[in-house]
Undergrad: 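Have a look at this one before I ask anything.
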Amino acid sequence: MAESGTVAVDTGGGGAAATKERQPRSVRVVLMALMIAMLLAMLDNMIVGTAMPTIVGDLGGLEHLSWVVTAYTLATAASTPIWGKVGDMYGRKGAFLTSIVVFLIGSGLSGMAQDMNQLIAFRAIQGLGAGGLMVGVMAIIGDLIPPRERGKYQGMMAGVMALAMIGGPLVGGAITDNWGWRWSFYINLPLGLVALAMVTAVLHLPKKRSKGKIDYLGAALLTVGITSIVLVTTWGGSQYAWGSAVIMELAAIGVAALVGFLFVQTKAAEPILPLHIFRSRNFTVMSLIGFITGFVMFGAVLFLPLYQQTVQGANATNSGLLLLPMLLSMMVVSLVAGRVTTNTGKYKVFPLVGSVLMVAGLFLLAQMDTETTRLTSGLYMAVLGAGMGCLMQITMLVAQNSVEMKDMGVASSSTTLFRTLGSSFGVAIMGALFNNRVQDVMAERAGAMGGKVAEHSTQLTAEGLAKLPDVVRDAYLHAVSAGTHSAFLLGSVIAILALIAAVFVKEVPLRGAGPAAKEASSSPEAAGPADAQPVDMAKAGTATADAAENGTATADAKPVEGVAAGDAAADGRTVSETV
């Protein structure tokens, strides 16, 4: 059982009438702060990516350029599961606030960096904080909002993601041009301080003191394993050949560390990643679907702008806008899926439909060639976006519903980690296939000159492409089209695995408010004191993993603050009435 504690949002007191009036506003304030933190985590790399040419021009160190992004990515991925476990053991609010502070320290130091080595080190600090931002947001939402009610807020999270992808390059370019590249880091400070102040003032979660100690050995092994795997996917096929000694050694170290990590988790008193959560079929299936979704999505985000800029002649300055059909479709469908889930309590249809749409969208994108119009490619992207909209938030929702409240943090961090690792593998594998295909087609169509151009294809700008001889330029357009075809065709095959996994999703009732439960909670037997504000979520909302699988509450749950024990798995009140 999770620790007992009161979970509440500060409403300022004032009796029943004031409570009903102020609680929804307090919930909105907390959610706004969480969305700001989520935006910080997602926006940073996209803003910094736009500023990179200016940064290199100022600091030098072109040979270390890739490490500015890699250091941040590695630190984020490696720290994600640790933040989740720390939140479970010592309290969600403290862990979340600490991650914001670390992120802001890293941002400030990055803005003050005097050379490339300093920037890389400070980006790693920033990444450590970023690892806790996404996990903290998801876990706190999991604490405050029952899964049945959580669907209402899916559109907000999808909207933040779309805003980051569309606005990141635009904001990064504007900041760099008008204020200088250092402000691409400093811009995080006011936003982060606002989120910090709002969370500190309004959010009240139970303080925990676990008697166990953090599994430092497990944390070290997991960090080494994740770091090695991410480096393999980052360096393989680019800085080093896939069969090179460096890549083989990193792969061996990664596999050995992860095997050792799994062994340690079976012995540790407080494992970083409790293996018992994978006994839940839904949690395991959602982890797999999340991995595949990350694999496909970030591959699409990488290759679609490249295809549109090269083959269709789109403007690279507004590259975020090129993804608008996919992102808008994803946001709208995610909002609809959330509302339907909240109103009906049914969700299995969305992994199934989402996987079908994802396979179809990727297959359609694989059919693009040098003659495909922007309208046609936009429609294909909308199909893929609709599939993503069905999957992005549902995976987290079902995963959190499949574990006990005490494991909410590790469930959130594990799902986030699988999606992150999926994106690393997707970019690496689809990228390798794309590059090989581009080189082959260039050699076939333009001979030796085509091969030389292909080696520097990722650095070709629209101006550089226009200066190429007609034969070479035509060959390059066909090569990019062929590479895109191969990458998306592979993506569609991989996405079939998500469809197969979705078939095994078990429709378990979501904990939280539903029509039947609301009627029960409004009866005299279930009604609590009129002025009761906090709800003991640990006692009233906790279900064991097995109970979650069967849709039943734990047998020893006791009524708290007027909430009947039978409602532990289906609390009849809305979030504005309970939080």
Side-chain angles (χ1 to χ4, degrees), residues 28 31-32 34-36 38-39 42-43 46 134 137-138 141 145 147-170 286 289-290 292-294 296-301 304-305 308 318-365 373-398 419 423 488 491-492 495 498-499 502 505 510:
R28 287 195 295 269
L31 288 174
M32 186 182 301
L34 296 178
M35 293 304 107
I36 291 174
M38 185 177 175
L39 183 63
M42 302 191 68
L43 199 60
M46 296 183 180
M134 284 294 292
V137 169
M138 296 301 177
I141 289 176
I145 304 174
R148 180 69 179 268
E149 294 290 307
R150 214 170 296 155
K152 295 178 182 179
Y153 305 96
Q154 284 185 197
M156 291 174 60
M157 290 181 274
V160 168
M161 181 178 295
L163 180 62
M165 290 185 176
I166 295 171
L170 296 174
M286 287 303 156
I289 293 176
I292 296 171
T293 302
V296 168
M297 180 176 180
F298 286 89
V301 169
L304 279 172
Q308 291 172 305
N318 299 325
S319 57
L321 297 176
L322 301 177
L323 299 173
L324 199 56
M326 183 179 78
L327 297 174
L328 284 179
S329 174
M330 182 181 72
M331 184 170 61
V332 171
V333 172
S334 181
L335 181 61
V336 172
R339 287 290 180 179
V340 171
T341 301
T342 295
N343 293 335
T344 66
K346 305 294 183 182
Y347 54 82
K348 182 173 181 177
V349 63
F350 295 113
L352 287 170
V353 172
S355 299
V356 169
L357 289 174
M358 189 164 64
V359 172
L362 289 164
F363 182 78
L364 290 171
L365 289 170
T373 65
R374 292 189 190 182
L375 175 61
T376 301
S377 61
L379 292 174
Y380 294 168
M381 282 191 283
V383 175
L384 177 60
M388 296 291 183
C390 289
L391 294 172
M392 288 298 292
Q393 304 304 328
I394 287 292
T395 53
M396 180 66 73
L397 172 67
V398 178
R419 189 177 297 171
S423 67
F488 283 125
S492 66
L499 177 59
V505 174
L510 294 174

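Since the structure is predicted, the reported quantities are computational estimates derived from the model, not experimental observations.
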Undergrad: Out of curiosity, Tyr347 OH to Ile394 CD1, how far, rounded to the nearest 0.5 Å?
TA: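 Here the interatomic distance stands at 9.0 Å.
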
Undergrad: With sequence neighbours left out, write down each residue that passes side chain to side chain donor-acceptor pair (under 3.5 Å) with Thr344, or none if nothing qualifies.
TA: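 Applying side chain to side chain donor-acceptor pair (under 3.5 Å) to Thr344 gives none.
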
Undergrad: Report yes if the side chains of Met138 and Gln393 come closer than 4.5 Å at any heavy-atom pair, otherwise no.
TA: yes

Undergrad: For the residue pair Val296 and Met388, establish whether any side-chain heavy-atom pair is separated by less than 4.5 Å.
TA: yes

Undergrad: Out of curiosity, Met358 CE to Ser492 OG, how far, rounded to the nearest 0.5 Å?
TA: 10.5 Å

Undergrad: Heavy atoms only: give me the nearest Leu384-Leu362 pair and the separation to one decimal.
TA: CD1-CG, 3.9 Å

Undergrad: If you look at every heavy atom in Gly354 and Cys390, which pair is closest and at what distance?
TA: CA-CB, 3.5 Å

Undergrad: With sequence neighbours left out, write down each residue that passes side chain to side chain contact (heavy atoms under 4.5 Å, CB included) with Ala164, or none if nothing qualifies.
TA: Leu39, Met42, Leu43

Undergrad: How many angstroms lie between atom OG1 of Thr341 and atom NZ of Lys348, to the nearest 0.5 angstrom?
TA: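 Between atom OG1 of Thr341 and atom NZ of Lys348 there are 14.5 Å.
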
Undergrad: Measuring only between side-chain heavy atoms, which start at C-beta, is Leu304 closer than 4.5 Å to Leu365?
TA: yes

Undergrad: Not counting sequence neighbours, which residues clear side chain to side chain contact (heavy atoms under 4.5 Å, CB included) with Val137? List them please.
TA: Leu34, Met35, Ala37, Met38, Phe96, Ile141

Undergrad: Look up atom OH in Tyr380 and atom CZ in Phe363, then write down how far apart they are to the nearest 0.5 Å.
TA: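 The CZ atom of Phe363 is 10.0 Å from OH of Tyr380, to the nearest 0.5 Å.
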
Undergrad: Among all residues two or more places apart in sequence or in another chain, which pass the side chain to side chain contact (heavy atoms under 4.5 Å, CB included) test with Val349?
TA: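 Side chain to side chain contact (heavy atoms under 4.5 Å, CB included) check on Val349 returns Val353.
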
Undergrad: So, taking the atom named CG in Leu323 and the one named CD in Gln308, what distance separates them when rounded to the nearest 0.5 Å?
TA: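 Interatomic distance, Leu323 CG to Gln308 CD, rounded to 0.5 Å: 6.5 Å.
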
Undergrad: Given the rule in the side chain to side chain contact (heavy atoms under 4.5 Å, CB included) test, do Met331 and Leu328 qualify, once you have shown the distances and angles that lead to the verdict?
TA: CA-CA 5 Å; Met331 184 170 61; Leu328 284 179; 3.8 Å; yes

Undergrad: Kindly say whether Met326 contributes a backbone atom to a donor-acceptor pair with the side chain of Ser329 at under 3.5 angstrom?
TA: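 Looks like no, no N/O pair under 3.5 Å.
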
Undergrad: Using the test side chain to side chain donor-acceptor pair (under 3.5 Å), find all partners of Thr293 that sit at least two apart in sequence or belong to another chain.
TA: none

Undergrad: Go through it in stages, so that I can follow the logic: the residues are Ile145 and Leu31, the test is side chain to side chain contact (heavy atoms under 4.5 Å, CB included), and I'd like the CA-CA distance, side-chain angles, deciding distance and then a yes or no.
TA: CA-CA 10 Å; Ile145 304 174; Leu31 288 174; 4.0 Å; yes

Undergrad: Looking at every heavy atom in both Ile292 and Ala495, which two are closest together, and how far apart are they?
TA: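 Closest pair (atom of Ile292, atom of Ala495, distance): CG2-CA, 4.0 Å.
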
Undergrad: Which residues pass the side chain to side chain contact (heavy atoms under 4.5 Å, CB included) test with Ala502, not counting sequence neighbours?
TA: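 Counting only residues at least two positions away or on another chain, Ala502 forms a side chain to side chain contact (heavy atoms under 4.5 Å, CB included) with Ile289, Pro351, Leu352, Ser355.
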
Undergrad: Could you check if a side-chain atom of Met286 sits within less than 4.5 angstrom of a side-chain atom of Val505, using non-hydrogen atoms only?
TA: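 They are in contact (side-chain heavy atoms under 4.5 Å apart), so the answer is yes.
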
Undergrad: Decide yes or no for Val340 and Lys346: does some side-chain heavy atom of the first lie under 4.5 Å from some side-chain heavy atom of the second?
TA: no

Undergrad: May I ask you to test the Arg419-Thr395 pair for a side-chain heavy-atom distance under 4.5 Å?
TA: yes

